[in-house]
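First the proteins, then the strands, lettered A, B, ... as listed; each starts at 1.
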Number of protein chains: 2
Amino acid sequence: MMKNLPHKTIERLSQYRRALLICLEKGQTHIYSHEIAKIQHITAVQVRRDLMLIGYTGTLRKGYNVKDLIDLIGNIIDSTEGINVAILGMGNLGRALINYFAGKRSQLKIVAGFDINPDKIGNTMSGVPCFSSEDMNRIIREKNIKVGIMTVPAEFATSTAEQLVKAGIRGILNYTPKPVTVPDSVYLEEYDMITSLEKVAFFVKINED
Amino acid sequence: MMKNLPHKTIERLSQYRRALLICLEKGQTHIYSHEIAKIQHITAVQVRRDLMLIGYTGTLRKGYNVKDLIDLIGNIIDSTEGINVAILGMGNLGRALINYFAGKRSQLKIVAGFDINPDKIGNTMSGVPCFSSEDMNRIIREKNIKVGIMTVPAEFATSTAEQLVKAGIRGILNYTPKPVTVPDSVYLEEYDMITSLEKVAFFVKINED
DNA sequence: GCGGTTTTGTTAATAATTTCACATTTTCTG
DNA sequence: CAGAAAATGTGAAATTATTAACAAAACCGC
């Protein structure tokens, strides 16, 4: 059920939810499609179409119920039991991600970090214990970790991905600038910050005329 | 010229270049479309189409000249004079980005960081001086900074974006989880790490059947 | 140097995504 | 209470992005 949602829609639903959570905190009970659209810099039709795809029906003239919509999006994209996540590489980026998530209510729990630096191993950072990369296989299985976020230096990207796959990971989010290869059974998402910056720079350049 | 390249193509060109630079270092002089494709997890046709769009012609049976292609991609996406970049928020994520860029040859130079923490202001991190956010307007103009990368906490996202716009920035890469609004004249790219992680978790969930 | 193989470049086809256009319903205003 | 305004929901059209298919050229082995 709901397996056929477009990738883009999944991304937007996640973003809608975050915007909606902010509205909820402010005490807002209803929201119009064009309000959501404005926050996300997209069109109102796009919002309505996405909500149509997940079968949510708003109220004419009142818009969408913020609380209900948050719950429905949660039903779609969250896993009922929650998903445990590990950070591979407790450098600046790894710690940034941990802090980012700290305190966020979420079905996604960062339950372990891994590093090869002996000074870090055994410590806890923002509530996340740091283990030795050598124990990756054991810890991932013990803690039932399903997703790994790779924030290691590029030269360790390939070997880290291999270790993760061997440990039975189900999804990898790769923030290193080095693309990795994994079996089809592992979902892989790669994001390269340099590419994003180069893209911004490109459009700045061509806008200068 | 070259203003009509699809956004996706721009992103891929940046990625091709990074893969090509690694090949160049290894002494490889030529590469086939299917080799590039494999690294990037896309099809060879896609690669050839992208290169067609930028007017690059390879050699039949020998593939593409690595050096030439790197140069051509540089001509397309880089700005001739280079572009100066600032990091807004010298926390973990800001420092991660600086280290990421340190030593990379690139037309993109991170020339300033900004923060409100007095302990950081006046220091230099990986060669990047940290200034007070209060001096943002002056420094951005003095140093001819065109692009800002926002890595501040979410609650400062809106005000930081406003400051940047006032200082005459031309492009913003927003890594905070809070969407911001800028005039059309400023190119805006937003990236939310939580969305990416939620997306990976979603596809892990639905693959479990 | 001939037949088979490999690779590029490109047109045409397909697929994915977004936008248009508008019917429908609700609320507001006079 | 009639007409105007504002909002949703959605089929159809348009746009954007990807893949298929294949001609043409280059090289290899014999």
Side-chain angles (χ1 to χ4, degrees), chain A residues 2-16 20 23 28-69 72-73 76 184 189-190 195 199 202-203 206, chain B residues 2-16 19-20 23 28-69 72-73 76 189-190 195 199 202-203 206:
Chain A
M2 287 303 170
K3 300 205 182 202
N4 300 348
L5 292 173
H7 283 218
K8 292 274 185 76
T9 294
I10 298 298
E11 290 175 10
R12 282 190 298 260
L13 287 174
S14 164
Q15 287 160 354
Y16 298 163
L20 290 168
C23 296
Q28 192 176 348
T29 61
H30 287 78
I31 192 164
Y32 297 127
S33 59
H34 65 259
E35 292 175 303
I36 299 177
K38 181 145 192 222
I39 297 171
Q40 304 299 148
H41 315 303
I42 57 178
T43 66
V45 182
Q46 180 86 82
V47 173
R48 295 205 298 275
R49 164 114 10 219
D50 285 334
L51 299 190
M52 189 184 94
L53 291 175
I54 63 172
Y56 185 69
T57 294
T59 314
L60 253 168
R61 295 282 303 185
K62 280 175 78 182
Y64 304 98
N65 181 293
V66 173
K67 179 87 176 49
D68 289 353
L69 186 47
L72 178 59
I73 293 175
I76 307 274
D184 282 351
E189 171 98 3
E190 309 207 298
T195 289
K199 188 178 165 195
F202 174 78
F203 286 107
I206 66 172
Chain B
M2 288 299 170
K3 300 207 183 200
N4 300 347
L5 293 173
H7 283 219
K8 292 274 184 77
T9 294
I10 299 297
E11 289 175 10
R12 284 191 297 260
L13 287 174
S14 164
Q15 286 159 355
Y16 298 162
L20 290 168
C23 296
Q28 190 176 349
T29 61
H30 288 77
I31 192 165
Y32 297 127
S33 59
H34 66 259
E35 293 176 302
I36 299 177
K38 182 146 190 221
I39 297 170
Q40 303 298 147
H41 314 304
I42 55 176
T43 65
V45 182
Q46 180 84 82
V47 173
R48 295 205 297 275
R49 172 154 308 267
D50 285 333
L51 298 190
M52 189 184 94
L53 291 175
I54 64 171
Y56 185 68
T57 295
T59 313
L60 254 167
R61 297 280 304 186
K62 280 174 78 181
Y64 303 99
N65 182 293
V66 173
K67 180 86 176 50
D68 288 354
L69 186 46
L72 179 59
I73 293 175
I76 307 277
E189 171 98 3
E190 309 206 300
T195 288
K199 188 179 165 194
F202 174 78
F203 286 107
I206 65 171

Rounded to the nearest 0.5 Å, how far apart are [atom1] of [X] and [atom2] of [Y]?
{"X": "A:Y56", "Y": "A:L72", "atom1": "OH", "atom2": "CG", "value": "8.0 Å"}
{"X": "A:I31", "Y": "A:H34", "atom1": "CD1", "atom2": "NE2", "value": "9.0 Å"}
{"X": "A:C23", "Y": "A:I39", "atom1": "SG", "atom2": "CD1", "value": "5.0 Å"}
{"X": "A:D50", "Y": "A:I73", "atom1": "CG", "atom2": "CD1", "value": "9.0 Å"}
{"X": "A:I36", "Y": "A:L51", "atom1": "CD1", "atom2": "CG", "value": "6.0 Å"}
{"X": "B:R49", "Y": "B:M52", "atom1": "CZ", "atom2": "CE", "value": "4.5 Å"}

With heavy atoms of chain A within less than 4.0 Å as the criterion, where does contact along DNA chain D begin and end?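 The footprint of chain A covers D:dA5 to D:dA12.
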Just call it for A:T57: base, sugar-phosphate, or nothing, with non-hydrogen atoms closer than 4.0 Å on any strand.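 Sugar-phosphate, no base atom in range.
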Between A:R12 (CZ) and C:dA16 (C1'), how many Å, whole number?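 In whole Å, C:dA16 C1' and A:R12 CZ are 11 Å from each other.
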Just the rounded figure in Å: distance from P of C:dA16 to CG of A:L53.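 Atom-to-atom, A:L53 to C:dA16, this comes out as 14 Å.
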Would you confirm whether A:Y32, through its side chain, and A:R61, through its main-chain N or O, come within 3.5 Å as a donor-acceptor pair?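 Answer holds: yes.
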Which atom pair, heavy atoms only, marks the closest approach of A:A44 to A:S33?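 Residues A:A44 and A:S33, closest heavy atoms: CB-OG, 3.7 Å.
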Give the minimum heavy-atom separation between A:Q46 and A:I42, together with the two atoms involved.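 Where A:Q46 meets A:I42 most closely, the heavy atoms are CG-CD1, 3.9 Å.
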Are any non-hydrogen side-chain atoms of B:K199 and A:E189 less than 4.5 angstrom apart?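 Touching, per the 4.5 Å side-chain cut-off.
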Nucleic acid contacts of residues 28-36 of chain A, taken as heavy-atom distances under 4.0 Å to DNA chain D: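 Residues of residues 28-36 of chain A under 4.0 Å from DNA chain D: A:Y32, A:S33, A:H34.
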Between protein and nucleotides 20-30 of chain C, map the contacts as a letter string: B base, S sugar-phosphate only, - none, heavy atoms under 4.0 Å, written 5' to 3'. B----BBS---
First encountered from the 5' end of DNA chain C, between B:Y56 and A:Q46: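 Mapping each residue to its closest nucleotide by heavy atoms, the 5'-most match is B:Y56.
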